[in-house]
Number of protein chains: 2
Amino acid sequence: MAEGVPRRPSTLDEVAELAGVSRSVASRVLNNAPHVSRAKREAVERAVHRLGYVPNPTARALATRQTGAAALVVSGEDPSIFADPFFAQVIVGASAALDDADLHLMLCLAASDRGRRRVEKLLLSRGADGVMLMALREDDPLAILAQEAEMPVVFGGRPVGLVPRWYVDVDNVGGARAATEHLISAGRTRVATICGRPDTEVGRARYRGYRDAMLAAGLEPYPPEAGDFTERSGAHAMAALLANHPDVEGVFAANDNMGVGALRTLREAGRSVPGDVAVVGFDDLAVAGVADPPLTTVHQPIEGLGREMARMLVALVDGQDPTPLILPTRLVTRASA
Amino acid sequence: MAEGVPRRPSTLDEVAELAGVSRSVASRVLNNAPHVSRAKREAVERAVHRLGYVPNPTARALATRQTGAAALVVSGEDPSIFADPFFAQVIVGASAALDDADLHLMLCLAASDRGRRRVEKLLLSRGADGVMLMALREDDPLAILAQEAEMPVVFGGRPVGLVPRWYVDVDNVGGARAATEHLISAGRTRVATICGRPDTEVGRARYRGYRDAMLAAGLEPYPPEAGDFTERSGAHAMAALLANHPDVEGVFAANDNMGVGALRTLREAGRSVPGDVAVVGFDDLAVAGVADPPLTTVHQPIEGLGREMARMLVALVDGQDPTPLILPTRLVTRASA
DNA sequence: GCTTCCAGTGGGAGCGCTTCCACACCTCCA
DNA sequence: TGGAGGTGTGGAAGCGCTCCCACTGGAAGC
């Protein structure tokens, strides 16, 4: 710094030479390892300061076989998924936890062909110290690939059809059960569900929770009306529900977007909420709070999901063997049910 | 792949040996460089396939002095800034553009001390091929540091007090002017502004646009009522405005959040919008569309901002010298004005 | 007095890749 | 017939760091 801007960043050798020590000693000082005399330690520190020396992370990574970075990989075709408030919050949590471990965060979207190949290479080539993998559809090639990856992989949510060694998930079944029980406990018996994509574990698990609660209460579950987690699909599904079962008096929507869609259809159909039909969603995104009427929903700790994934990954990188985690959900009661 | 999971990833040397060629030839094949006979090229390709070889990116980075990654650095103390819809969209744009250039995206938040130091190291040590830097307050140490960085730096928005060599910004002055002119053109003369933080260039520029428009119309600009870009601060500022200037009939809020806050205060004060007071915001976030009444606002291409920053960075990394970019804004007319 | 131990030190061999260069060989044109 | 120029090839020198290991000399233990 003091020397102006050196055209080429200085190296450890130059530091060592300026300090009059060997490269080994200089290296030890930088990693504050023992076996360095006080005098030489100070000499090296002076040299570092004079040269404005900063270790080259690539060289260090090559020598230590640690990159100092973790990747958050999202499997999906739409690049704007990062703008989804759900993922945005996952990022916040992961970012904070990685910060604690002094790791960089790489964001990877396996959308384009090129992006997908890049992710494959990353998994197979030690381009990061570990990977957090999210949003896996059924038979996602990335999930298979992750098994033979050269590095630790933590799953966010469970992929369909396989139970990964390490994952963090939220209690989808329990949350859906609580939501359904809430509808039932208000005395309603004709309770249907708008379920999510059946090719995702989230969609399946939330439907399972609904069905469990219905059966436990001695009620006949409705055949699932499926949506794809969008507001539109929720509105469509609600319309179909009204057509097939005009007497429905409670609906559990597998996420807030679809719940809001259902609210819209109900309003347009002239049904009052919760008077005629009560609605419960899942996620507790901001949209649930500002819906009309405000949507009763199942809160899940999204930021916590990101944070715990990152923590688990850090544990793995440190050579530990953490156990999978299922984070609790809780019902948030608002006006819609 | 065919060989099961090798405990240690295979190296280029092993590929070369299996193919019966020298490491140089194998390297040339992998980078499909010329001067390789067809026979040897195929032999190497077979060996690569048999060993499931994937080049080690760290080693390549050390040799080529290119990391294959670009960083998006956000300067701010709140980790949840990534959940801000504005930044989320910037990320989407940047991610897409970097994908085209086959670069990884690193996300860095200079929030904690550790995070800040990590970013400093990144800038000074070639831990990435380039950096996109955002959200700089006045005298942000990062902006200074960026000047002596070891790598290309593109600014998103301009930092206060210095004009960086390369930046992408939106036309804040023009947008604010258009918003104010819209209010004036409706025949209103008593038009005030709720301006943003004066220690940001965005805040200053949007105020400048307001003032320009007022002066150009021969009107006296109101003294700026400042907020900090949050909904709350907008509500407060509007209350202050009503107290000091009860006859105000138009308000330009420097962003949508504050605009929505202003709407709330006006509603609570029993003023009709746009009947008594017209309001225009800035940003065109989703919140503007669902506000009550829907907020007239200035649209800015946020995703485009991210995309152009990334493109500019890629150009720099490629050794070109792109020119700074100012993206256009446009007025979106809704019910509030 | 001798071994034993250990803090302090520097030499040097990696880490896995790219790339410069020398060399062999072949073709082409004066 | 002799360069001149091009392709194909492998050896070897990096890139900038970590870390093992051999070595020294002084303190400690018997």
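- You'll find the side chain of B:Leu109 stays beyond 4.5 Å of the side chain of A:Leu105, heavy atoms only.
- Residue B:Asn31 places at least one side-chain N or O closer than 4.0 Å to OP1 or OP2 of C:dT18.
- In this structure, A:Arg41 places its CZ atom 9 Å from P of C:dG8, rounding to the nearest Å.
- Picking from D:dG16, C:dC17, D:dG10 the nucleotide with the shortest atom distance to the side chain of B:Val21 gives D:dG10.
- Atom C1' of nucleotide C:dC15 and atom CD of B:Glu14 are separated by 13 Å, given to the nearest angstrom.
- Residue-level contact check: A:Pro55 touches the backbone only, with heavy atoms under 4.0 Å from sugar-phosphate atoms and none from bases.
- Heavy atoms of B:Thr11 sit under 4.0 angstrom from primed sugar atoms or phosphate atoms, though from no base atom.
- Separating the CG atom of B:Leu62 from the P atom of C:dC15 is a distance of 14 Å, rounded to the nearest angstrom.
- Each of A:Pro34 and B:Ser27 lies near DNA chain C, and the nucleotide nearest A:Pro34 is the one positioned closer to the 5' end.
- Out of D:dT9, C:dT18, D:dC17, the shortest distance to the side chain of B:Val36 is found at D:dT9.
- Rounded to whole Å, the distance from CG on B:Asp129 to P on D:dC15 is 18 Å.
- A straight line from CG of A:Leu30 to C1' of D:dC17 spans 10 Å, rounded to a whole angstrom.
- Comparing atom distances between the B:Asn56 side chain and each of D:dT18, C:dC17, C:dG10 picks out C:dC17 as nearest.
- Using a 4.5 Å heavy-atom cutoff, the side chains of B:Leu325 and B:Arg311 are not in contact.
- Not one side-chain nitrogen or oxygen of B:Thr64 sits closer than 4.0 Å to the OP1 or OP2 atom of C:dT18.
- For a distance-only test at 3.5 Å, the side chain of B:Thr58 fails to qualify as a donor-acceptor partner of the base of C:dG16.
- Distance B:Leu12 CG to D:dG10 P: 13 Å, rounded to the nearest Å.
- Residue side chain A:Arg28 reaches the base of C:dG10 through a donor-acceptor N/O pair under 3.5 Å, judged by distance alone.
- Partner of A:Met134 under the side-chain contact (heavy atoms from CB on, under 4.5 Å) criterion, chosen from A:Leu305, A:Val73, A:Val154: A:Leu305.
- The phosphate of C:dG16 has OP1 or OP2 within less than 4.0 Å of a side-chain N or O from A:Arg65.
- Which of C:dG10, D:dG10, D:dT7 sits closest to the side chain of B:His35 comes down to D:dT7.
- Closest approach to the B:Ser24 side chain among D:dC17, D:dG10, C:dC17 is made by D:dG10 (side chain taken as heavy atoms from C-beta onward).
- Annotation: B:Glu42, atom CD; neighbour count of heavy atoms from other residues, nucleotides and ligands within 6.0 Å is above 12.
- Residue A:Asp113 places its CG atom among 12 or fewer non-hydrogen atoms of other residues, nucleotides or ligands, all under 6.0 Å distant.
- Remark: P of D:dG16 and CG of A:Asp13 are 9 Å apart, rounded to the nearest angstrom.
- Using a 4.0 Å cut-off, no side-chain N or O of A:Ser22 falls inside it from OP1 or OP2 of C:dT9.
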- Could you check B:Asp99 against A:Arg118 for salt bridge (Lys or Arg N to Asp or Glu O under 4.0 Å), going step by step and ending with a plain yes or no? CA-CA 9 Å; B:Asp99 185 74; A:Arg118 197 142 26 85; 2.4 Å; yes
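- In this structure, CD of B:Glu17 is placed 15 Å from P of C:dG16, rounded to the nearest angstrom.
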